[in-house]
Structures are given as C-alpha cells and as structure tokens.
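This report refers to the structure that appears directly beneath it.
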Amino acid sequence: MTQRLSKAVGLAVALGFGLAASGASAQDNLQQIMQDRGLTQKDILAAAKTYVPTGKRDEFLAFSSGGQSGQIIVYGIPSMRILKYVAVFTPEPWQGYGFDDESKAVLDQGKINGKTVTYGDTHHPAISETNGEYDGRYLFINDKANPRIAVIDLADFETKQIVVNPIMKSEHGGAFVTPNTDYVIEATQYAAPFSKEYVPLSEFNDKYRGAVTYWKFDNEKGRIQQDQSFSVELPPYSQDLSDFGKKVSDGWSFTNSFCTERYVGGIENGRPPFEAGCSQKDTDFLHMINWKKAAELFKAGKTTKINGHDVITMDTAVKEGILFLIPEPKSPHGVDVSPDGKFIIVAGKLDTHASVYSFEKIKALIDSKDFAGKDPYGIPILDLKKSLHTQVEVGLGPLHTQYDSKNCVVYTSIYVDSQVTKWDYCEGKVLDKISIHYNIGHLMTMEGDSVTPQGKYLVSLNKLAIDRFNPVGPLHPQNHQLIDISGDKMELLYDMPLPLGEPHYAVAIRADKLKPHIRYKVGWNSRADETSPYKTRPGREKIEKVDGVTHVYGTLIRSHITPEIIEVEEGETVSLHFTNLERAEDETHGFALYEHNVNLSVEPGKTVSATFVADRPGVYPYYCTEFCSALHLEMQGYLLVRPKGMKATTAALQEGTIYAQADYDKQVKTNNDTQAVIDSVVAFITGRNFKDFAPVVALVEDATDQLNFAADAKKKSEDYAAKQDWHNGTLWAQQWFQYQVKAADIGLRAKTFLEQNGAVEVKQ
Ligand code: K7E
Ligand code: CUA
C-alpha cells in the first residue's frame, strides 16, 4: 500500500503537478509525504518510472526461471508485478497441475528410469524465435538437476511437454534456441557415464562423458520430436552455458566449460576439494559445434545408438570437422552471442576480463586448419590470441552478458564486486558501473538475446538479498532489481522480492507480441491440445460405468456443479470429468474433494479429469474453490461411498422447506420484475454499436447463454406449476431467477463498458 502510494506521488512530481500545501490534508500533500516517509527526489523519479496506474498494463513481460521451485515466474516490467507462476516440473494446486489426470500425464513424461521426480531446478528459459526475433509462441525451460526440457505454450501459459535427456545425469547449458526454433540445445554440466551402470571414478577420463543434445522442435505442433533429436558426445569437462550463433554465425553453437582439469574431488579422503582441483589451469574450453552439419550427419545415419538415442561420437565429430575447442580464461560461466552474430562474449568467474571472440577470425582459423593443438580426445584447439577480438577488464567475477539496443553496448554481471558493468565491446572500453544488492548472477535486458534487443530496462537477478527486505526468517527471498538503461548512466529503480526458488536466468518480451487465449473451445483438453473425449454439454451430464470404472461426466457453471450427488460403492474406481461451460472471461471454477487429494482448476471451456479409488465408505463433500459468483458457496455437492453390498439411498431426499403456491407466485413476480430490468439493459446494449467492442460481444454471448438456461428453468417451473407441484415449481423458479441474476450481472458489465468506451447509439 505504502509502496503504491509513493509511486503515485512520484508520478505527480515527475509530471510537474505540485499539490497545494495549504488546505490539502497531509495525505494529499506530496512534500509532506516525502518528508514523512523520508523520500528523496530520486526516489520519486524512480517511482514514476515504474508505477503502472490501476487498470494499465506493463510494456514487457518477463519469464524468470524459478530455480528449485521447478516453476516459471511471470512478471511485468517496469511495474515488477508478479502475474503468474507457471507450473512446469512441480505440482502446483492453483493450476490443478499434478492433480488432474491431464497434467499428471505431462508430469509422467518427466519420469526418469521409471521414477517420478516432482521438482526441477529450472535455470534458463528461452522464448521461441522467428528469424532471430522473439515470436512469443513458445517458452522452453531446462532442469539442471534431472536433465529435462519442458515446452510451455504461450497461447495459454501451460506446460505441454517434458522430455527426459536419455544420456545425461546433470545438465546446465539449456534451453537456448536456433534463430528459427528448429532446435533447442541442452548441454551437460557434471560428466557421468552415458550408461545407467556403475562406473568407478578411476575410469573418469575414459568412461565419463559430457554432451550437447539438439532437441528438434516442431513449430506447428508445438512439441519436441524426440526421434528427430540427437546429441554430440563431448569430453568429461564440466560443460556450462550455451548459445546459438545468429546471422553470420548461424549454424554454429557455443558451449563453454570449466574443470577441464577433469578433477574428481575427494575431500573426505584428504584430497583437495573440487574447487581447488578445478581451477588449476589458466584456461578452459569453449566448444564450437557446427550443428547444421551435425544434423546432416544424423540424417545420414552417422550416429551410434545409446539408450535408444542417436549420438554422434567424438571420433565422428572430429573426423567430420564439426567440433572445435577455443581456450577461454578462467572457469568461465557465461557465453553470449551478439545480435549481429559477429562476436561471442565469454566471462570467467576467476578472471577480471570479459573476452570478446571474433567469429570471423575463428572461422578463418577453422577454414585454414590453423590449429594450436589437440586435446586428449583429439579435438582441434584454436589459438586463444588469434581468436580474440579484444579483452576488457570489467570487474571481479564477471558472469553473464546482455546486449543493449545501442550498437556495441553490453552489460556484464560482476558477481564478486556486486556490480553491473556497462561497456563497449567494439572499442573495448568500460562506460559505467552500478552497484547491486547483492551478488548478481544473470542479468537481463529486454529481448536482450534476440537479434533486436529493445534496451530501456535491465533486471539484475541477484543471488543474495541480505538486508533489503523485512526479515522473514533465515530463508530470504531473492532480489530482482530493475535498472533504467535508457541514459548514459544506469539508474537503479526498484527492488522486487521473489519468494519462490532461486531464479537463474530470465527473458523479457514486448507484451504486445503475446496474445494468449482468454477461453478454450468447449470440452478442451489443454494439456494434449485436443477435444477431450470427456467433453460434456449442458443437459448431457451422466454417470456411466464402463469396464469397472465409474465415469462422471459433469459440468460447472455459475453456480452449480452437475452432478451434485455422486453415489458409488466402496472399492469402485471413480473418474470425474468436469467441463466448465462458461464463456465469460476469468470465470474459472475449481473442484476440491475431501480426503482424496483431488483439486482441479477448470478454466472456461476446459475439461479436466480426476481418477481415484473410492476405497473407504463415507461422506465426502466437494465444492468449487474459486469465488465465482454471489452463490459460489452453494457450488457444492456430495460424494457418497456406500459400504460394499449396501443398497443406494439417495432416492428419497429430506429437505428443510416445503414450498406452497404462495411461494411460487412470489418467486415468479420477482422473476418478472427482474426480467424488466434485463430487458432495459438489453435495449441499451442493442441500441448501441456494441458489435464494435469485442469484449462486449463476448459478454453478450455469455449473457445469452444464461438467458437460455433461464428459459429452460422457467419452462420446468411452469410444468411443475401446471401439475400443482408448487414445491418443485418454486425450486425451478428460484433456479430461473439464478440464471437471470447472472445474465443481469453480465449485461450490466457490458453496459458499463459501453458507457466508458464511447459507444454510440445506432438506429435499429
Ligand atoms: Cu545460475 Cu545460468 Cu545456471 Cu549463471 S546460471 S548465475
Ligand atoms: Cu464456481 Cu465458485
């Protein structure tokens, strides 16, 4: 609240609105608030640059890895408002992820050697590209701990596919995409045998291996094609980050490494630990792979099957001339190709320099076979000096680099110094430095790893928050800091706590490139992207026993669950299927059932299922978890599990109130009055050019649905009344009223929208 206020005040000052000191209450007086809250002019400016007024939207959307939470975090820039957590490798109840059958099927794709793994260590998200530009269609994310890649469709921000790497046991250098998203790369981190067997560490050099996997992506289907994917075997160096070439360097991929010493640790036996043994040499290796040629080798069958997966061996890679090494100083971490594809910037954790490699020089060395030597596996090594464009001293512990929209300008994260260094890689000079809080890992500029970086903002993804926020116990949130990079000097604008895992990398895209759905086609299985066989239309709800499984074909709409009573026998397998019949934006219903770990999120149009064994007789209430309407609390029901052999009992139900004719008449009068209000709203809407407003058209569709339901209920109530069954007549008249209320509610929303958006009267 106070943050909001300060931002609002900031806006006023930035725009030059002085608020009158006299007469105004302290609450409205800017100077007073600045004084009371100890805000400086700089704070007010920063607030003005980040504040997004109510109802307005952000210019960019960031997708941040969620680290060991196994999720993706979506937030707006510059407001830094969190918009969504996308569940990927980890069950997440709000989205029903890992609770409904459809999403369980996605998580099951991620089983490793038959074992279910319910977390991931997500590191590097990548947005799909067309001609090197972000196209906003898909998002990819890797899992470092259990080598896997997930595909998220940005049409609905849902995880659609998880693929398990068939040969790796640890990875890091993914996900990054080729300029047209033909391939998604994944590179190992810690070397391990490709086989699943025990191999002693004494055989490390011979039997342990690294690799890069090129996952083929089908842009039309939106899925990785595992049988069209392949890997290139690499030495047991700890491969690290990767990037694809672009433009002039398109066709190549770059993966760096540390611990090319191939040291294996053993501190418990008195040996120096990994950290010492892995930093003996002055340089490690940048791996360069001609992936286009590798893809041809794969197509030509020049691969070896390992665990059923096609691998180009190191021998083949060397013989065919697709794999090269370039020395890089020292324990490098980041590798980032420039927007024009001409340069590759590498920074070493234990070196104060950033090294700028020239693709042109490298290519010339390769073409003329001008090599400085070979590594123990026979891979040609290029000369470091001959490959370099320049080296720049950027600070202590440089990690990652991001590109600005301005030519030659880059930003490198400096871990040890807790700084961001802005520098010019063409001229090789430092331009500016800014302190961050604290210990920056990755950093991100807007569309900064595409061919068209957008400049404007930089986010510093810090590893430690320490004292930046109110203390919440020993486990601190992460701190993402927003920095203004539009001017010559970097300006720190905002600290955002992120309390979910340790994010590594993030990517940000112009928000206007994203056009996600607001509803699904009715009966949609969103995880498989197809019509669900369990799609249920209104009035077609049923309970059916097939092959020993009791299938419940149900629907959800304000404000009831159909069916409201489900009775089964002890030991039956029950498969619930619910279709949300709503067409209105944001009318999600949930479904929570006592004791069975069933928790569903059913967005408009979606069909989801939950299958379980009703193994204990008893009474299990269920209800909708989203406050979807005034009668949301009535969106409820009972699962009754009868003891084996007992007869059904729901035929005669006890009810509290029995209605008479006077009740019926009273309800009908209310309904008729309500109808008069609805008619006036309808007249207002249809008397305006409402068809010019897409949101209103959608609301009108939704209201029409509700009025059709009202007509059905009205008919039922009148049929009962004709038979003088006043009780059922009254109940259906009440139901008729419920539909009217929903129609009126929607109609009024449409009317307000038209009034606020300048609709004009039309002749009928
Ligand atoms: Cu944390 Cu890219 Cu995995 Cu660097 S990574 S910081
Ligand atoms: Cu549906 Cu509450």
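Position 1 is the first residue of the sequence, and the numbers go up from there. Reckoned from all heavy atoms, side chains included, excluding hydrogens, waters and symmetry mates. In this text, all values refer to a predicted model and were calculated from it rather than measured experimentally. Just follow the structure's listing: the first ligand is 1, and inside any ligand the first atom is 1.
Less than 6.0 angstrom separates the ring centroid of H442 from the ring centroid of H124. For an aromatic pair to be called close, the ring centres must be under 6.0 Å apart, and H287 with F254 fails this. The ring of Y425 has its center closer than 6.0 angstrom to the ring center of F343.
In summary, H632 places an N/O/S atom under 2.8 Å from atom 2 (Cu) of ligand 2, meeting the contact criterion.
Residue K463 approaches ligand 1 through these ligand atoms, each under 4.0 Å from one of its heavy atoms: 1 (Cu), 6 (S). Those atoms of ligand 1 with a heavy atom of G441 less than 4.0 angstrom away are 6 (S). Below 4.0 Å from some heavy atom of H333 lie the following atoms of ligand 1, by number and element: 4 (Cu), 5 (S), 6 (S). Contact atoms of ligand 1 toward H442: 2 (Cu), 4 (Cu), 5 (S), 6 (S) (distance under 4.0 Å to a heavy atom of the residue). Listed by atom number, the atoms of ligand 1 under 4.0 Å from H124 heavy atoms are 2 (Cu), 3 (Cu), 5 (S).
Among H589, H517, E585, R519, the single residue meeting the side-chain contact (heavy atoms from CB on, under 4.5 Å) criterion with P604 is R519. With D404 as the partner, the side-chain contact (heavy atoms from CB on, under 4.5 Å) test is satisfied by one option alone out of L458, I485, V410: I485. Remark: of the listed residues E102, E158, E587, E158 is the sole one forming a salt bridge (charged side-chain N to carboxylate O under 4.0 Å, His left out) with K606.
Of the possible polar contacts, none joining the T445 side chain to the Q402 backbone as a donor-acceptor pair under 3.5 Å is found.
Contacts with ligand 1 closer than 4.0 Å are made by side-chain heavy atoms of L241 only, the backbone lying farther away. Residue contacts with ligand 1, taken as heavy atom pairs separated by less than 4.0 Å, involve H400 solely via side-chain atoms from C-beta onward.
Annotation: angle subtended at atom 3 (Cu) of ligand 1 by H172 NE2 and H123 ND1 is 100°, to 10°. Angle SG(C628) to atom 2 (Cu) of ligand 2 to SG(C624), rounded to 10°: 120°.
Considering only non-hydrogen protein atoms, atom 1 (Cu) of ligand 1 sits nearest to H504 ND1, 2.1 Å.
The two residues I82 and I73 make their nearest non-hydrogen contact at CG2-CG2, 4.3 Å.
Distances from atom 2 (Cu) of ligand 2 to each N, O or S atom of E626 single out O as the nearest.
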